[in-house]
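Worth saying up front: this structure is predicted, and the values here are computed from it rather than measured. Letters go in sequence order (proteins before strands), and every chain restarts at 1. Basis for what follows: all heavy atoms, side chains included, without hydrogens, waters or symmetry-related copies.
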2 protein chains.
Amino acid sequence: MATDRINRYGRGREALLAATIAVVAERGLHGLTFRAVAELAGVNNTLISHHFGTKDALLHEAVAWATARAIRLSDLSATETIDGDFARALVELVASEPQLQVFQYEFVLEARRRPDLREEAVALYEGYIEALEVALTRHGHTHARPLARAVFAALDGLVFQQLTVADPDVVQEAIERVGRLLEASLIESRQSA
Amino acid sequence: MATDRINRYGRGREALLAATIAVVAERGLHGLTFRAVAELAGVNNTLISHHFGTKDALLHEAVAWATARAIRLSDLSATETIDGDFARALVELVASEPQLQVFQYEFVLEARRRPDLREEAVALYEGYIEALEVALTRHGHTHARPLARAVFAALDGLVFQQLTVADPDVVQEAIERVGRLLEASLIESRQSA
DNA sequence: CAGACAACTAAGCAACTGCATAGTTTTATG
DNA sequence: CATAAAACTATGCAGTTGCTTAGTTGTCTG
């Protein structure tokens, strides 16, 4: 239809970036081909060369796009407490956007072998941890950086489990357990003070 | 040399399995090719077809080999406490065998899209969690399954960080912090009882 | 509404892929 | 030490890959 053309023209670039994330999540990095991405985006595969040049550059831009979106969606610094509501919301987020989450694990692993992606990977993780540290400090935890790293690792690991091997229900229960560990830690630090 | 032939003949199969893990870890699943694996193993690439048939079957066998080795190396059920010694040992393990660890993340992500690998992925993770549950119960924790899942997720997430974005030192510090969270939890549960 | 510029497509190629076929070398065994 | 089975290699091919080249279509601006 003509409306398709009108709506699509000029939007190939963003369609390719979105398709890149979907393809990597659904088929892995070994399934990331010009033709697979282009087909999902509804454009010709040579449009990738036009907009991004190489496959490496396409992935790099998709990484920047995805990390920006991921950090925005999960604003950890706004976290009040890790309770049932938090656990439910996190499990829900993963269930509603699994591709975005899977893409992050794929790209961070790839960053191990591609120095040009390292910076984004470090920024993504340190950004998450920093946001959590802010929230934990606000709640009375001191020297909270290592704690924030550990708690983020737990949440990250549980998201990974939900995506790969575990039921959402047991993941949610485990997240709530993390929250109770934090409470107990706060109580104990008050008593010993 | 003749000794090379004598030493190598009949060992192609295991050499290929070991090479598969190394190639996946160092070049990713998209770098897993018959020729890359064969070159690293020091054999002809058609030997893969001979021993395993297809590339999928090669990966499947490598997964079985790697998971058996990984579970053996990190016997979590023998864990006494998560203290400085434990943290140092875990960081050391990851530093000494990074390929085995990276391979596990790669294969578990791949298991999301390949049903024939799901069983191994679930068995690997539930095996880790079960072993931890045994250790935690022994130390007085009750209803320890969700706790074991959460603590394993934290350790898993921290190993992932060490492999990709974080210094071993800060990872070690965070692991020790996990141990202290467990202690505080035990103390609090005793007081409220 | 001309024409310049950007977005986009069609066709194709050299390199690489998994793997089949056919043959050789080594080892185990009677 | 003959011979059969198993381990291994050489050659090659059809399909797929990233990306180039050459051209078309749509949009924006004066």
Legend entry - Flag for A:H30-B:E110: side-chain donor and acceptor within less than 3.5 Å: yes
Inset, instruction - Nearest whole angstrom, please: distance from the C1' of C:dT9 to the CZ of A:R8. - result: 14 Å
Inset, instruction - May I ask you to verify if any side-chain N or O of A:N44 is less than 4.0 angstrom from the OP1 or OP2 atom of C:dC8? - result: no
Inset, instruction - Compute the angle between the rotation axes at the two ends of the helix from C:dC1-D:dG30 to C:dG30-D:dC1, each taken over five pairs, rounded to 10 degrees. - result: 20°
Inset, instruction - Could you tell me whether B:R113 and A:E106 have a side-chain N and a carboxylate O separated by less than 4.0 Å? - result: yes
Inset, instruction - May I ask you to test the B:E188-A:E188 pair for a side-chain heavy-atom distance under 4.5 Å? - result: no
Inset, instruction - Could you tell me whether the side chains of A:D156 and A:Y105 share a donor-acceptor contact shorter than 3.5 Å? - result: yes
Inset, instruction - Please state how far atom CG in A:L59 lies from atom C1' in D:dC19, giving the value in whole angstrom units. - result: 17 Å
Legend entry - Within 6.0 Å of CZ in A:R138, more than 12 heavy atoms from elsewhere: yes
Legend entry - Presence of salt bridge, B:D83 and B:R180, under 4.0 angstrom: no
Inset, instruction - May I ask you to test the B:F160-B:V165 pair for a side-chain heavy-atom distance under 4.5 Å? - result: no
Inset, instruction - Starting at atom CZ of B:F34, determine the distance to atom C1' of D:dC8, rounded to an integer number of angstrom. - result: 15 Å
What are the atom names and distances for every N/O pair under 3.5 Å that joins the protein to nucleotides 1-5 of chain D?
none

Inset, instruction - Take atom CG of A:L16 and atom C1' of C:dA7, then tell me their distance rounded to the nearest Å. - result: 11 Å
Inset, instruction - Name every residue in residues 46-58 of chain A that has at least one heavy atom under 4.0 Å from any atom of DNA chain D, in order of residue number, or write none if there are no such residues. - result: A:T46, A:S49, A:T54, A:K55
Legend entry - Residues B:E173 and A:R145 bridged, charged N to O under 4.0 Å: no
Legend entry - A:R149/A:E133 ion pair, N-O < 4.0 Å: no
Inset, instruction - Give a yes-or-no answer on whether the side chains of A:D56 and A:T54 include a donor-acceptor pair shorter than 3.5 Å. - result: no
Legend entry - Gap between atoms CG and C1', on B:N45 and C:dT21 respectively (whole Å): 13 Å
Inset, instruction - Give me the one residue out of B:I187, B:I82, B:T81 that meets side-chain contact (heavy atoms from CB on, under 4.5 Å) with B:L182. - result: B:I82
Let me check something: any side-chain donor-acceptor pairs from residues 40-52 of chain B under 3.5 Å, sequence neighbours excluded? List them with distances.
from	atom 1	to	atom 2	distance (Å)
B:N44	OD1	B:T46	N	2.9
B:N44	OD1	B:T46	OG1	2.7

Inset, instruction - For DNA chain D, find the residues of residues 24-32 of chain B with a heavy-atom distance under 4.0 Å and give them by number; none if there aren't any. - result: none
Cut-off 3.5 Å, no hydrogens considered: what does the side-chain donor-acceptor table look like for residues 90-97 of chain B, sequence neighbours left out?
from	atom 1	to	atom 2	distance (Å)
B:S96	OG	B:E92	O	3.3
B:S96	OG	B:L93	O	3.0
B:E97	OE2	B:R69	NH2	2.5

Legend entry - B:R35 CZ - C:dG18 P separation (whole Å): 7 Å
